[in-house]
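Source: prediction; values computed, not measured. We use all heavy atoms of the structure for the numbers below, so side chains are in, but hydrogens, waters and symmetry mates are not. Letters A, B, ... are given to chains in the order of the sequence lines, protein chains preceding strands, and every chain is numbered from 1.
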Amino acid sequence: MIRLALPGADDNTRLEMSRRLHRMTFTTSLEDATAVAVLGAATPEWLAALCSQCGSRPLLVTPGALTTVEAWTTYRAMDPGLHRCLASPARSAPSVRLMRQQLDSGRMGLPGLLRLHRWQSVQDAGPVWPADWLCDLDLAIWMMGGPPDRVFATGPVTSAMTEAGGRQAETPRETLQLHCSWPGGAMALLDFSRRLPQGERYYSLMLIGSSGAMSLDDHQNRQLVFRSGVAETSLDEETIPAMAGMLQQFVDGVAAGDCSCLGSGSGHWADVLHLSKLAEQSATCGRALKWQEE
Amino acid sequence: MSVAEKPLRCAVLSVVKHDYVARGVASHPRFELVVVADDADQPGWAHERNQQFADEFRIPYVRDVEQALQSCDVDVAIVSSAAERHCDLSIRAARLGVHVIQDKPLATRHEDMLRLVEAIDQSGVRFLMWNRNFFPAVQHARRQIAAGSIGTLQAMHVDFYFAKDAGVSKGTRQPGYPPLNWMAHQIAAHVDGSDGGLGHDPIGELTNEGIYPLGYMQLLSGRRVRRVYARRTSHFHQVNFDNQVEDLATVTLELDGGLTGSIALGRIGAASHHSGGDIRLHLLGSTGAMVVNEARPDVGIFYRDQPVREPRQRRVANENDLLLADNFARAVDHNGDTIMNMDASREIFCVIEAALESCRTGQPVNISEGR
């Protein structure tokens, strides 16, 4: 039985996870844990200390924990011989799991177009690229079977991203349109915006294959609420089920000695960071860039 | 009878493609279809289709375009020929002082487009490119933007997918088979109205459908496109692959004033949507945003043994045809502009042309004034 520690998690998160996870028990003691997962933001110092305490025990970190370039540097400097996982909860959202199942079944045929919109509220501070956006890049690479060979981006020019950690805690990027293409003709359009009024958000993901199409859309999934004389909409969250799905995969992977299903290989996240870097470069220079420039 | 009440007599110049333009115009009480006409040297199947349409409307079919335009007291020419003949027929009508309502695409060649622009300009006749800008959801979006509901428009994204088949799926033919003949396929596709690409020259979905999402962007923003980056592929249909024209395309656009946008369009196969396709607008403004389902309002219809291909969601309250025709009638009456006049049509043509060039070069393409 895996004993899982969630350092830094709040009581509500622990309670929700305890209702959903199988084949494991929770522990608040790091010494007692056989696996550790960090779900929230982490300072680089805290993360480094945690890694040291974990030793050889499996440690899962989400991109949301790595909110600064220093945190990314700390993570990437970890001993590659240790069992470290960087995983995106977005892959485990019930809707995304269903879409991935359909894709894997062959019913959709070959992926041809991925279209994604992520609209969020204005941010006063935070990383240039929020974790959500990086998780969406991860999703695009994962769904389309690998990184694109050509990238074009348009959006306000920001400071170039650093080499070391790949992210800067400067003025958050407000918008970006990313246009990717793959060998064989597949394409992706990703639209990111942080200009919605405070408290608002919107997400949609569409994947069109050669023999079918799938659509996940907040527009479709909103419920009507009538109050105060103005109709509003409300949307159920997938955050808790997504987190639970990711943790279950982690627990099962630790038990089996293989966490590759989480897509946690360091090469993959290197691709995600490279894509974000190419996007910034393309938006700056105004040209489409190849994945590997000659 | 005042000018505004005078019926507008229409000649349908070749109705060999889908006939919704002519039918749409005829739905307005001001317009009267009086003759169908085409050139005598057209193939037999074209004459047959023209004759069938003429018979349905109980009007003559004349195998002489100029004779029909000159002898039938025609005010308006409605052009729904094969794509590569659009400009020629429209020019001939304009030179005889006849107003023009034309099906898309505007042209298939740049030089034809220029000749048409000149002919319309010199003749002073009214011109309307048939479009979708009066669909209720699009007009709703326009009103919201005009009212400032989302502030200043900053980004527009349009998804425009027709869930229609175009023959056999890509990859289902044996290696070594000869390529599928484009024209033969389009002639066969007439039965379900998916023959928008009818013509000897293959045209991809950017050329065929691009006018619609670009028309929305034009209507909602009023801004010109300055640069595009595009990619295209034939992903679904063997006929597109064999003829090297796309059935799926994506375009990133940069417009005046820092406005940006994107278009994803295609003919994605009948199985990919329950009701003919997904058309959606995502609009971002300085103080808010909108997500618009262009198909609404609609009604869901489901019943036992319903045919698989029958749409489950049916559009209602769509007066696009009537309003387009009305818009044209007012333009004729008052010598004013139509909702998609020659200038607007030319601009859209140039954007599509630049997008196709971007597909070839793999780099963004600037669009200059007067292209």
Most contacts with chain B, counted as non-hydrogen pairs under 4.5 angstrom, among A/Gly184, A/Pro111, A/Ala188, A/Ala153: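 Option with the greatest count: A/Pro111.
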
Option that, when pairs with chain B are counted at under 4.5 Å, heavy atom only, ranks first among A/Gly185, A/Ala288, A/Gly112, A/Gly109: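 It is A/Ala288.
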
Which portion of B/Ala270 sits near chain A, non-hydrogen atoms under 4.5 angstrom: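 Contact with chain A involves no heavy atom of B/Ala270 at all.
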
Contact class of B/Ala249 relative to chain A, heavy atoms under 4.5 angstrom: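 Backbone only.
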
CZ (B/Phe302) with more than 12 external heavy atoms under 6.0 Å: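 Enclosed.
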
Residues that B/Tyr212 engages under ring pair (Phe, Tyr, Trp, His ring centres under 6.0 Å), provided they are two or more places apart: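 So B/Tyr212 forms a ring pair (Phe, Tyr, Trp, His ring centres under 6.0 Å) with B/Phe160.
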
Which donor-acceptor pairs lie under 3.5 Å between chain B and chain A?
{"unit_1": "B/Gln154", "atom_1": "OE1", "unit_2": "A/Arg195", "atom_2": "NH1", "d": "3.0"}
{"unit_1": "B/His157", "atom_1": "NE2", "unit_2": "A/Asp191", "atom_2": "OD1", "d": "3.2"}
{"unit_1": "B/His157", "atom_1": "NE2", "unit_2": "A/Asp191", "atom_2": "OD2", "d": "3.3"}
{"unit_1": "B/Val158", "atom_1": "O", "unit_2": "A/Arg115", "atom_2": "NH2", "d": "3.2"}
{"unit_1": "B/Asp159", "atom_1": "OD1", "unit_2": "A/Arg115", "atom_2": "NE", "d": "2.9"}
{"unit_1": "B/Asp159", "atom_1": "OD2", "unit_2": "A/Arg115", "atom_2": "NE", "d": "3.4"}
{"unit_1": "B/Arg227", "atom_1": "NH1", "unit_2": "A/Gly286", "atom_2": "O", "d": "2.8"}
{"unit_1": "B/Arg227", "atom_1": "NH2", "unit_2": "A/Gly286", "atom_2": "O", "d": "3.4"}
{"unit_1": "B/Arg231", "atom_1": "NE", "unit_2": "A/Ser181", "atom_2": "OG", "d": "3.4"}
{"unit_1": "B/His235", "atom_1": "NE2", "unit_2": "A/Leu110", "atom_2": "O", "d": "2.7"}
{"unit_1": "B/His235", "atom_1": "NE2", "unit_2": "A/Gly112", "atom_2": "N", "d": "3.3"}
{"unit_1": "B/Thr250", "atom_1": "OG1", "unit_2": "A/His179", "atom_2": "NE2", "d": "2.7"}
{"unit_1": "B/Thr252", "atom_1": "OG1", "unit_2": "A/His179", "atom_2": "ND1", "d": "2.7"}
{"unit_1": "B/Glu254", "atom_1": "OE2", "unit_2": "A/Thr154", "atom_2": "OG1", "d": "2.8"}
{"unit_1": "B/Thr260", "atom_1": "OG1", "unit_2": "A/Gln177", "atom_2": "OE1", "d": "2.7"}
{"unit_1": "B/Gly261", "atom_1": "N", "unit_2": "A/Gln177", "atom_2": "OE1", "d": "3.3"}
{"unit_1": "B/Gly261", "atom_1": "O", "unit_2": "A/Gln177", "atom_2": "NE2", "d": "2.8"}
{"unit_1": "B/Ser262", "atom_1": "OG", "unit_2": "A/Arg115", "atom_2": "NH1", "d": "2.6"}
{"unit_1": "B/Ser262", "atom_1": "OG", "unit_2": "A/Arg115", "atom_2": "NH2", "d": "3.3"}
{"unit_1": "B/Arg280", "atom_1": "NH1", "unit_2": "A/Asp217", "atom_2": "OD2", "d": "2.7"}
{"unit_1": "B/Arg280", "atom_1": "NH1", "unit_2": "A/His219", "atom_2": "ND1", "d": "3.1"}
{"unit_1": "B/His282", "atom_1": "ND1", "unit_2": "A/His117", "atom_2": "NE2", "d": "3.3"}
{"unit_1": "B/His282", "atom_1": "NE2", "unit_2": "A/Tyr202", "atom_2": "OH", "d": "2.6"}
{"unit_1": "B/Gly362", "atom_1": "O", "unit_2": "A/Arg150", "atom_2": "NH1", "d": "2.8"}
{"unit_1": "B/Gln363", "atom_1": "OE1", "unit_2": "A/Ala288", "atom_2": "N", "d": "2.8"}
{"unit_1": "B/Gln363", "atom_1": "NE2", "unit_2": "A/Ala288", "atom_2": "O", "d": "3.0"}

Close side-chain approach of B/Leu284 and A/Leu196, heavy atoms under 4.5 Å: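 SC-SC contact between B/Leu284 and A/Leu196 confirmed.
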
Interchain contact, A/Met206 with chain B, by part (heavy-atom threshold 4.5 Å):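 Side chain only.
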
Winner by heavy-atom pair count (cut-off under 4.5 Å) against chain A, out of B/Gly269, B/Gly266, B/Pro364: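 Answer, by heavy-atom pair count under 4.5 Å with chain A: B/Pro364.
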
